[in-house]
Amino acid sequence: MGLEYRSFMANLKIKSSAQTAKKSNATAGRKPTVKSLYSKADLEEIFRRFSIQRPEPKGELEHVNPFTLVVAVALSAQATDAGVNKATRALFAIADTPQKMLDLGEERIREYIKTIGLYRNKAKNVVALSEKLITDFGGEVPRTREELMTLPGVGRKTANVVLSMAFGQATMAVDTHIFRIANRLLLAPGKTPDEVEQRLMKIIPDQYLYHAHHWLILHGRYCCKARKPECERCVIADLCRSPEKTWDIPAPLVELPAQIIGTQAGA
């Protein structure tokens, strides 16, 4: 009897372990759900309004091809788009390929970008990334995040911007504006840009995902500003859950004038 009991308990333990493992594997295979203060209907409405306000949002860094975009975004770290544009207009006019940039050389590149913060280190990176593009990628800008991030001076944010603006992929490039907006509005709060990126990618409705990062950047740059959000000019003031909110009535939902990128913008 004792032997039969021990055999029964052993089989029960094996079955229980198998069931536990099965549950664990099933759980591991599922994407973790992201809790948000905003309902699905709220999120749909927020991005619907952004889509009406700016039907075709654009990045504000001037570039002429994927290569110059990579360079411009890499230079924009701890600098404004307007400042980068002012510095790169003359640079890109004579060096719009990796080989031309390499031929220009680090010293001359420094002269073009010396008004940008950290310009010495950035000039080194521009030369190094140009060289790597030639040696490893045949002078072409790669189309995957992993490959882009092997380029000197190119991090995840830069790679995401390039994938979106140059190659039409739906990505979320979390810059200072998006990081602030996601946390201030309690839209997708996170302690790091990567955390915010993952949460935003999960909660933004699929049909709005491609333009979402530009909508959020522009909203943060021109309305929900860092020092003082202009809530009375906000089209989602009634939906916003930010504890800093000072206004509950949404601004009129009208299409804004087309963005002017480049010298005409007076940047």
Side-chain angles (χ1 to χ4, degrees), residues 46-47 49-93 95-96 101 113 115-117 122 125-126 129 133 140-145 148-149 151 153-182 187-188 193-194 196-197 200-201 204 207-226 255-267:
I46 286 169
F47 288 96
R49 293 185 193 180
F50 284 156
S51 73
I52 291 173
Q53 189 180 43
R54 297 183 191 273
E56 293 293 331
K58 296 181 178 68
E60 298 189 321
L61 281 172
E62 294 175 31
H63 61 284
V64 295
N65 55 32
F67 169 67
T68 55
L69 177 62
V70 173
V71 173
V73 182
L75 293 177
S76 71
Q78 298 181 331
T80 65
D81 287 0
V84 172
N85 290 342
K86 192 175 289 188
T88 57
R89 282 176 198 137
L91 174 64
F92 293 160
D96 60 356
M101 196 67 77
I113 66 170
T115 55
I116 302 174
K122 288 177 179 178
N125 283 338
V126 169
L129 76 82
L133 283 171
E140 297 294 322
V141 175
R143 292 172 176 254
T144 71
R145 182 183 291 109
L148 283 165
M149 288 177 65
L151 301 174
V154 175
R156 188 177 179 90
K157 186 203 81 172
T158 298
N160 280 340
V161 172
V162 174
L163 290 175
S164 172
M165 292 178 63
F167 303 125
Q169 297 183 31
T171 62
M172 182 54 61
V174 179
D175 69 348
T176 54
H177 295 297
I178 291 184
F179 189 76
R180 181 180 73 254
I181 293 292
L187 188 64
D194 285 0
V196 168
E197 177 189 340
L200 284 171
M201 290 295 285
I204 294 171
Q207 69 268 35
Y208 297 120
L209 195 53
Y210 177 66
H211 285 314
H213 98 273
H214 279 139
W215 284 326
L216 291 172
I217 287 171
L218 295 169
H219 187 65
R221 183 173 289 161
Y222 297 116
C223 184
C224 198
K225 298 177 181 178
E255 184 176 336
L256 295 175
Q259 288 172 259
I260 300 175
I261 311 298
T263 53
Q264 295 177 60

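The closest side-chain heavy-atom distance from M165 to K58 is not below 4.5 Å. Between L209 and M201, some side-chain heavy-atom pair lies under the 4.5 Å cut-off. Counting only heavy atoms from C-beta outward, the side chains of L69 and V141 never approach each other to under 4.5 Å. L216 is listed as a side-chain neighbour of L200, based on a closest heavy-atom distance under 4.5 Å. Side-chain contact between L218 and Q53 is absent, with no heavy-atom pair separated by less than 4.5 Å. Two residues are said to be in side-chain contact when any heavy atoms from C-beta on lie closer than 4.5 Å; R145 and N160 meet this criterion.
Of the possible polar contacts, one joining the N85 side chain to the E62 backbone as a donor-acceptor pair under 3.5 Å is found. Side-chain N or O atoms of R54 include none that pairs as donor or acceptor with a backbone N or O of H219 at under 3.5 Å. Formation of a donor-acceptor pair under 3.5 Å by the R180 side chain with backbone atoms of G220 is found in this model. The backbone N or O of G117 lies less than 3.5 Å from a partner atom in the side chain of K122, making a donor-acceptor pair. Here the side chain of T68 pairs a donor or acceptor atom with the backbone of N65 at under 3.5 angstrom.
Here the closest non-hydrogen pair linking D81 and S76 is OD1-CB, 4.3 Å. The shortest non-hydrogen separation linking P57 to H214 is CB-CB, 3.7 Å. For T115 against A87, the heavy-atom pair with the smallest separation is OG1-CB, 3.8 Å. Pairing each heavy atom of A212 with each of F47, the nearest pair is CB-CE2, 4.0 Å. Minimum interatomic distance between V154 and A159 (heavy atoms only, all atoms of both residues): CG1-N, 4.0 Å. For the residue pair A95 and F67, the shortest heavy atom distance occurs at O-CE2, 4.3 Å.
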Assess whether side-chain contact (heavy atoms from CB on, under 4.5 Å) is satisfied between L91 and M101, documenting all intermediate values.
CA-CA 9 Å; L91 174 64; M101 196 67 77; 3.9 Å; yes
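In this structure, the separation between CZ on R221 and CD1 on I178 is 10.0 Å, given to the nearest 0.5 Å. To the nearest 0.5 angstrom, M149 atom CE is 9.5 Å from T158 atom OG1. Here CG of D175 is found 5.5 Å from NZ of K157. Values are rounded to the nearest 0.5 Å. Atom CD of residue Q207 and atom OG of residue S51 lie 9.0 Å apart, to the nearest 0.5 angstrom. For the atom pair CD1 of I217 and CD of E60, the computed distance is 9.0 Å after rounding to the nearest 0.5 Å. Here the straight-line distance linking atom CZ of F179 with atom CD of E197 works out to 12.5 Å at 0.5 Å rounding.
Between W215 and F50, the ring-plane angle classifies as tilted under the 30° and 60° cut-offs.
Screening V71, V84, L75 for a side-chain contact (heavy atoms from CB on, under 4.5 Å) involving I113 leaves a single residue, L75.
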